[in-house]
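Some notes on the structure that comes next.
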There are 2 protein chains.
Amino acid sequence: MSVEPIRDRRSERRQATIDEILETAWRLARVEGLAGLSLRELAAEVGMRPQSLYSYFDSKHDIYDAMFAAGYRQLLARQAEWEMVGEPHADVRTMADTFIGFCTEDPVRYQLLFQRTIPGFEPSPESFTLAVQCLDVTVAQLAELGIDDPRHIDLFTAIGTGLTDQQISNDPGGDRWTRLIDDATAMFLHHVSSSTPATRSRRKRP
Amino acid sequence: MSVEPIRDRRSERRQATIDEILETAWRLARVEGLAGLSLRELAAEVGMRPQSLYSYFDSKHDIYDAMFAAGYRQLLARQAEWEMVGEPHADVRTMADTFIGFCTEDPVRYQLLFQRTIPGFEPSPESFTLAVQCLDVTVAQLAELGIDDPRHIDLFTAIGTGLTDQQISNDPGGDRWTRLIDDATAMFLHHVSSSTPATRSRRKRP
DNA sequence: GTCTATATCCAGATAGAC
DNA sequence: GTCTATCTGGATATAGAC
């Protein structure tokens, strides 16, 4: 009987082509800019006619969406490698390092994942779910450290994106803002610990 | 003699047309996205043929450049209205309110002025000078308050862009992050005041 | 200054043959 | 799946009439 194919060579080949297209798309986007990505050039780089790309993706936005999902899967993988020690400063620093490092090492990916600069592009619900998961992981980890005030969480994400944004915009490739991560971590944690826990819960370590 | 024209009606008319083109360009960019601005639609909206725009601007990038300069002149005007009282918290808050309010009230303007998302667009040296002036005003004002450590200045700009970025990206039109400005100001000022001013901005351990 | 007319080049997308 | 052929449209630029 021939109805239990362990591998589907056709699917594998198709997936390999899709992967190659996406890899090439990332490379071109880093050179030409995210919005400057051209299907003609993309097709030429993978040895196809532009129209043939439509066998793999419904539209240019569909390619952006696949890149969006791939980017968030990479960030989720990075977060899965976290080794927390239970000490707030070290752990918050680890979280900030992960996020800011991930963003600054590939500004085009940061632009696609965290800014909305492609006219008309909205991630699909499935892709957006990955973005929500990343935030959930962050929120859960902060809660482990006793940081559960929504305002504190929002402040943390603002500090992370702020350092990232300034680093990318005003000192690309340098460390003018990334070297401030340790100071910013201390600043943030002092603020959290000095907030009046009147209406909010404080550290809840069982 | 007839060589003392108080007004040049021809120049005035030309300038009025330029202003109308730029106003329309802003309006379209807010609808279509900054990168989605089209010269055809822009010309149609001001009642011209697309080619006629070239009588006023050399290229599309030249239009972006004029918008860039106009945006920074608006921010400079906003900064010129500052009424400082000499009290760090109030004054830093005023500065943060000005910047974040200016950015969030027009995300497209923020994108053009502070992010680099138009492939191939670089502001002209003359326009870039305006951006430098805005930063100079901020740095000078922080110095008035005794904040002159470059790391503190960089941290301040990072907090401002972080709150702005999160507000625009994740709660457009709301106040989820802008309402944190007061907390962030206190957090920042405590960090500044607890740093040792003598050595290399290391955190002091009392 | 603005128009008509024209030109090239590039872009995303679709139809249908093989 | 890939191709040829074709469509619509944008960006840039130049010609010359009025």
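Note that the structure is a prediction, hence the values are computed from the model and not measured. Just so it is clear: chains get the letters A, B, ... in the order the sequence lines come, proteins before strands, and each one is counted from 1.
Applying the salt bridge (charged side-chain N to carboxylate O under 4.0 Å, His left out) rule to pairs touching residues 170-187 of chain B yields A:Arg151-B:Asp183, A:Asp154-B:Arg176, B:Arg93-B:Asp182, sequence neighbours excluded.
Counting to the nearest Å, the C1' atom of C:dA13 and the CZ atom of A:Phe57 are 16 Å from each other. In this structure, the NZ atom of A:Lys60 is 12 Å from the C1' atom of C:dA13, given to the nearest Å. Rounding to whole angstrom units, CD of residue A:Glu20 and P of D:dT2 are separated by 11 Å. Rounded to whole Å, atom P of C:dA13 lies 12 Å from atom CG of A:Leu42. Here C:dT2 presents its P atom at 11 Å from CZ of B:Arg10, a figure rounded to the nearest Å. The CD atom of A:Glu41 sits 10 Å away from the P atom of C:dG12 (whole-angstrom rounding). One interatomic measurement links the two molecules: CE of B:Met48 to P of C:dC3, which rounds to 7 Å at whole-angstrom precision. Nucleotide D:dA11 holds its P atom 10 Å from the CG atom of B:Leu53, rounded to whole Å.
A:Met187 is not listed as a side-chain neighbour of B:His190, based on a closest heavy-atom distance of 4.5 Å or more.
Among the heavy atoms of the strands lying under 4.0 Å from A:Tyr56 are primed sugar atoms or P, OP1, OP2 only; no base atom is included. No contact: B:Thr17 has no heavy atom under 4.0 Å from any strand. The residue B:Gly36 sits apart from the nucleic acid: no heavy atom pair falls under 4.0 Å. Looking at heavy-atom distances under 4.0 Å, B:Leu37 makes contact with sugar-phosphate atoms alone, never a base. In this structure, B:Ser38 reaches the sugar-phosphate backbone alone: every heavy-atom distance under 4.0 Å involves primed, P, OP1 or OP2 atoms, never a base.
Which of C:dG1, C:dA13, D:dA13 sits closest to the side chain of B:Tyr54 comes down to D:dA13. Comparing C:dT14, C:dG12, D:dT12 by their closest approach to the side chain of A:Leu39 singles out C:dG12. Each of C:dG12, D:dT2, D:dT6 was ranked by its minimum atom distance to the side chain of A:Gln51; first place goes to D:dT6.
In this structure, A:Phe156 and A:Phe188 have tilted ring planes: the angle between them lies in the 30° to 60° band. Using cut-offs of 30° and 60° on the angle between ring planes, the pair A:His152 and A:His191 is perpendicular.
For D:dG9, the OP1/OP2 oxygens have no side-chain nitrogen or oxygen of B:Arg40 closer than 4.0 Å. Regarding contacts with the backbone of C:dC3, every side-chain N or O of B:Arg49 stays at 4.0 angstrom or more from both OP1 and OP2. At C:dG1, none of the side-chain N or O atoms of B:Ser52 fall inside 4.0 Å of OP1 or OP2 (strictly under the cut-off).
Between B:Phe114 and B:Phe99, the ring centre distance stays below 6.0 Å.
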